[in-house]
Student: 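Encoded as structure tokens, here's the structure I'll be asking about.
Quick note: residue numbers are just sequence positions, from 1.
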Amino acid sequence: MSQDAPGFPRIIEPQALSEHLAAPDLLIIDVPANAKSYHDGHVPGAIFLDYRRLLSGQSPVANEVPDDTALSTLFSELGLTPQTHVILYDDEGGGWAGRLAWTLTLLGHDRWSYLNGGIHAWRAEGLPESRDPATPAPTRYQAQIQRPELMIRREELIERLDDPDLVIWDARSPEEYDGIKGNNQRRGHMPGAVNLEWTETMDRDRHLRLRDLSELVTELAIIGIDAEGEIATHCQSHHRSGLTWMIGYLLGYNIRAYPGSWQEWGNRDDTPIEN
């Protein structure tokens, strides 16, 4: 499994975080799917992050990684420093939080923890919330991709579709995987890809916390996802697969994310598709 970050477990529970809100060099980032969630109430001191700032590009592929300049501006505005420990969460069980975790790790900033269950679990614990927007102290953070191996591109995927050492984890819904629904020129899935929808990794009875990791290890192994091989994960826009990447990373798997995802793959004529 991925090692805990210094001073904090990689997955932190709401009660544990509530006891350390005043810890030095701590930056709490709320990256909700719906901005209203932040304004309705957030972890005290949490900074709001518009998830769109984690994306770049033009339609139909508007979900690429922003360039170094844009990421430097973003994380400087958020107040990030190399010493900062980031607590990240969202309002949907980990999709955008995972995309943020992946982006930070691409930049070599591995000092982050996921607030298990996000704001839903926090509220379920009856912990204090704030409705006052938090304002970070700006820094001069120089962003540069340090770990490009955490990303996989369309060209490599096409070349390796028959590679037995690579498993493709499609985090979309079964209906999208089967080509029944979708808003792309072409529907279906990559040849050989396996499907486990991102929501199946959440525990709905525990306010969208991650399911027990040992259970997930067993379930993933059944469909060929384990620590022995290499994993590529995607969804429609590398949003839902932000969570599946994060889970693979937490488990210590060799997992990479395809930022173009189906918005790229399904809107081209030269990409192999099954349905």
Student: Taking ring pair (Phe, Tyr, Trp, His ring centres under 6.0 Å) as the test, write out the residues that go with Y51, two or more places apart.
Tutor: W96
Student: Does a salt bridge link E156 with R256, judged by any charged N lying under 4.0 Å from a carboxylate O?
Tutor: yes
Student: Does the distance from a Lys or Arg side-chain N to an Asp or Glu carboxylate O, for R240 and E176, drop under 4.0 Å?
Tutor: yes
Student: To the closest 0.5 Å, what do you measure between CG (L243) and CD (E92)?
Tutor: 8.5 Å
Student: Search all heavy atoms of M151 against all heavy atoms of L106 and return the closest pair with its distance.
Tutor: CE-CD2, 4.2 Å
Student: Any donor-acceptor pair under 3.5 Å linking the side chain of H20 with the backbone of A16?
Tutor: yes
Student: Given the rule that I, L, V, M, F, W and Y join up when any side-chain heavy atoms are under 4.5 Å apart, are Y177 and I223 in one cluster?
Tutor: no
Student: Distance check, rounded to the nearest 0.5 Å: T244 atom OG1 versus H238 atom NE2?
Tutor: 7.5 Å
Student: Looking at E155 and R153, does any basic side-chain N land under 4.0 Å from a carboxylate oxygen?
Tutor: no
Student: Among all residues two or more places apart in sequence or in another chain, which pass the salt bridge (Lys or Arg N to Asp or Glu O under 4.0 Å) test with E129?
Tutor: R123
Student: Less than 3.5 Å apart, any donor N or O on the side chain of N254 or E230 sitting next to an acceptor on the other?
Tutor: no
Student: Does the side chain to side chain donor-acceptor pair (under 3.5 Å) test come out yes or no for N184 and Q236, once each step is laid out?
Tutor: CA-CA 9 Å; N184 310 281; Q236 172 73 5; 3.0 Å; yes
Student: Suppose we screen for salt bridge (Lys or Arg N to Asp or Glu O under 4.0 Å). Which residues come up paired with D170, at least two apart in sequence or across chains?
Tutor: R172
Student: Q146: which residues meet the side-chain contact (heavy atoms from CB on, under 4.5 Å) condition with it, sequence neighbours left out?
Tutor: Q144
Student: Partners of T103 by side-chain contact (heavy atoms from CB on, under 4.5 Å), sequence neighbours excluded?
Tutor: L54, L71, F75, R99
Student: Does Q58, at its CD atom, have more than 12 non-hydrogen atoms belonging to other residues, nucleotides or ligands within less than 6.0 Å?
Tutor: no
Student: Identify, with sequence neighbours excluded, every residue that meets ring pair (Phe, Tyr, Trp, His ring centres under 6.0 Å) alongside Y114.
Tutor: none
Student: Are L115 and I119 co-members of a hydrophobic cluster defined by side-chain heavy atoms under 4.5 Å apart?
Tutor: yes
Student: Can you tell me how far NE2 of H189 sits from CD of E274, rounded to the nearest 0.5 angstrom?
Tutor: 4.5 Å
Student: Quick one, I225 and I255 - any side-chain contact, counting heavy atoms below 4.5 Å?
Tutor: no
Student: Give a yes or no answer on whether the side chain of D50 reaches the backbone of R53 with a donor-acceptor pair at less than 3.5 Å.
Tutor: no
Student: Same cluster or not: are Y38 and L26 linked, directly or through other Ile, Leu, Val, Met, Phe, Trp or Tyr residues, by side-chain heavy atoms under 4.5 angstrom apart?
Tutor: no
Student: Specify the closest pair of heavy atoms between P272 and D270, including all atoms of both residues, with the distance to one decimal.
Tutor: CD-O, 3.8 Å
Student: Minimum heavy-atom separation for S76 and Y141, please, with both atom names.
Tutor: OG-N, 2.7 Å
Student: So, the side chain of N116 versus the backbone of R209: is there a donor-acceptor pair under 3.5 Å, distance only?
Tutor: no
Student: Does the pair H42 and W122 meet the rule for a ring pair (Phe, Tyr, Trp, His ring centres under 6.0 Å), with working shown?
Tutor: CA-CA 9 Å; H42 49 267; W122 183 271; over 10 Å; no
Student: Using atom types as modelled and distance alone, determine if a side-chain donor or acceptor of D203 lies under 3.5 Å from a backbone N or O of D205.
Tutor: yes
Student: Group every Ile, Leu, Val, Met, Phe, Trp and Tyr by side-chain heavy-atom contacts under 4.5 Å, then state whether L55 and V61 land in the same group.
Tutor: no
Student: Treat each ILVMFWY residue as a node, draw an edge where side-chain heavy atoms are under 4.5 Å apart, and state whether I87 and F48 are in one component.
Tutor: no
Student: Does E77 reach the side chain of P138, with side-chain heavy atoms less than 4.5 Å apart?
Tutor: no
Student: Can you confirm whether D110 sits close enough to L104 that some side-chain heavy atom of one is under 4.5 Å from a side-chain heavy atom of the other?
Tutor: no
Student: Give a yes or no answer on whether the side chain of N63 reaches the backbone of G260 with a donor-acceptor pair at less than 3.5 Å.
Tutor: yes
Student: Got L210 and M202 here, is their nearest side-chain heavy-atom distance under 4.5 Å?
Tutor: no
Student: With the side chain counted from C-beta on, respond yes when L17 and L127 share a heavy-atom pair under 4.5 Å apart, and no when they do not.
Tutor: no
Student: Report the residues that fulfil salt bridge (Lys or Arg N to Asp or Glu O under 4.0 Å) with R154, sequence neighbours left out, ordered by chain and then residue number.
Tutor: E264
Student: Mind checking the OG-CD spacing from S18 to E125? Nearest 0.5 Å is all I need.
Tutor: 8.5 Å
Student: After noting the C-alpha distance and the side-chain angles of L27 and L80, does the key distance pass the side-chain contact (heavy atoms from CB on, under 4.5 Å) rule?
Tutor: CA-CA 7 Å; L27 177 63; L80 189 67; 4.3 Å; yes
Student: Check whether any side-chain heavy atom of L107 lies under 4.5 Å from a side-chain heavy atom of I145, and answer yes or no.
Tutor: yes
Student: Between W169 and H234, is the ring centre distance below 6.0 Å?
Tutor: no
Student: Run the numbers on T84 and L78 for side-chain contact (heavy atoms from CB on, under 4.5 Å), then give the verdict.
Tutor: CA-CA 11 Å; T84 303; L78 291 173; over 6 Å; no
Student: Heavy-atom distance under 4.5 Å between the side chains of L88 and L49, does that happen here?
Tutor: no
Student: What closest approach, in Å, do S56 and P66 show between heavy atoms, and which atom pair accounts for it?
Tutor: CB-CA, 3.6 Å
Student: Taking only Lys NZ, Arg NE, NH1 and NH2, and the carboxylate oxygens of Asp or Glu, determine whether E219 and R211 approach each other closer than 4.0 Å.
Tutor: yes
Student: Under 4.5 Å side-chain heavy-atom separation, chaining through any Ile, Leu, Val, Met, Phe, Trp or Tyr, what else clusters with I158? Say none if it is isolated.
Tutor: I152, L157, L161, L166, I168, M190, Y258, W262, W265, I273
Student: Considering residues at least two apart in sequence or located in another chain, which fulfil the side-chain hydrogen bond (donor to acceptor under 3.5 Å, both in side chains) criterion with T105?
Tutor: W112
Student: Are the side chains of Q263 and S237 in contact, using a 4.5 Å heavy-atom criterion?
Tutor: yes
Student: Looking only at heavy atoms, what is the nearest atom pair of F8 and A23, with distance?
Tutor: CZ-CB, 4.1 Å
Student: Counting only pairs under 3.5 Å, give me each side-chain donor-acceptor contact of residues 28-36, with atom names and distances, residues two or more places apart or in other chains.
Tutor:
| residue | atom | partner | partner atom | Å |
| --- | --- | --- | --- | --- |
| D30 | OD2 | Y89 | OH | 2.9 |
| N34 | OD1 | K36 | N | 3.0 |
| K36 | NZ | D40 | OD2 | 2.7 |

Student: From M246 CE over to L251 CG, what is the distance, rounded to the nearest 0.5 angstrom?
Tutor: 11.0 Å
Student: What is the distance from atom CD of E228 to atom CG of D165, rounded to the nearest 0.5 Å?
Tutor: 10.5 Å
Student: Looking at every non-hydrogen atom in both residues, tell me the closest pair between G79 and P136 and how far apart they are.
Tutor: N-CB, 4.3 Å
Student: Only counting residues at least two apart or in another chain, list the ones meeting salt bridge (Lys or Arg N to Asp or Glu O under 4.0 Å) with D163.
Tutor: R160
Student: Not counting sequence neighbours, which residues clear side-chain hydrogen bond (donor to acceptor under 3.5 Å, both in side chains) with T271? List them please.
Tutor: R186
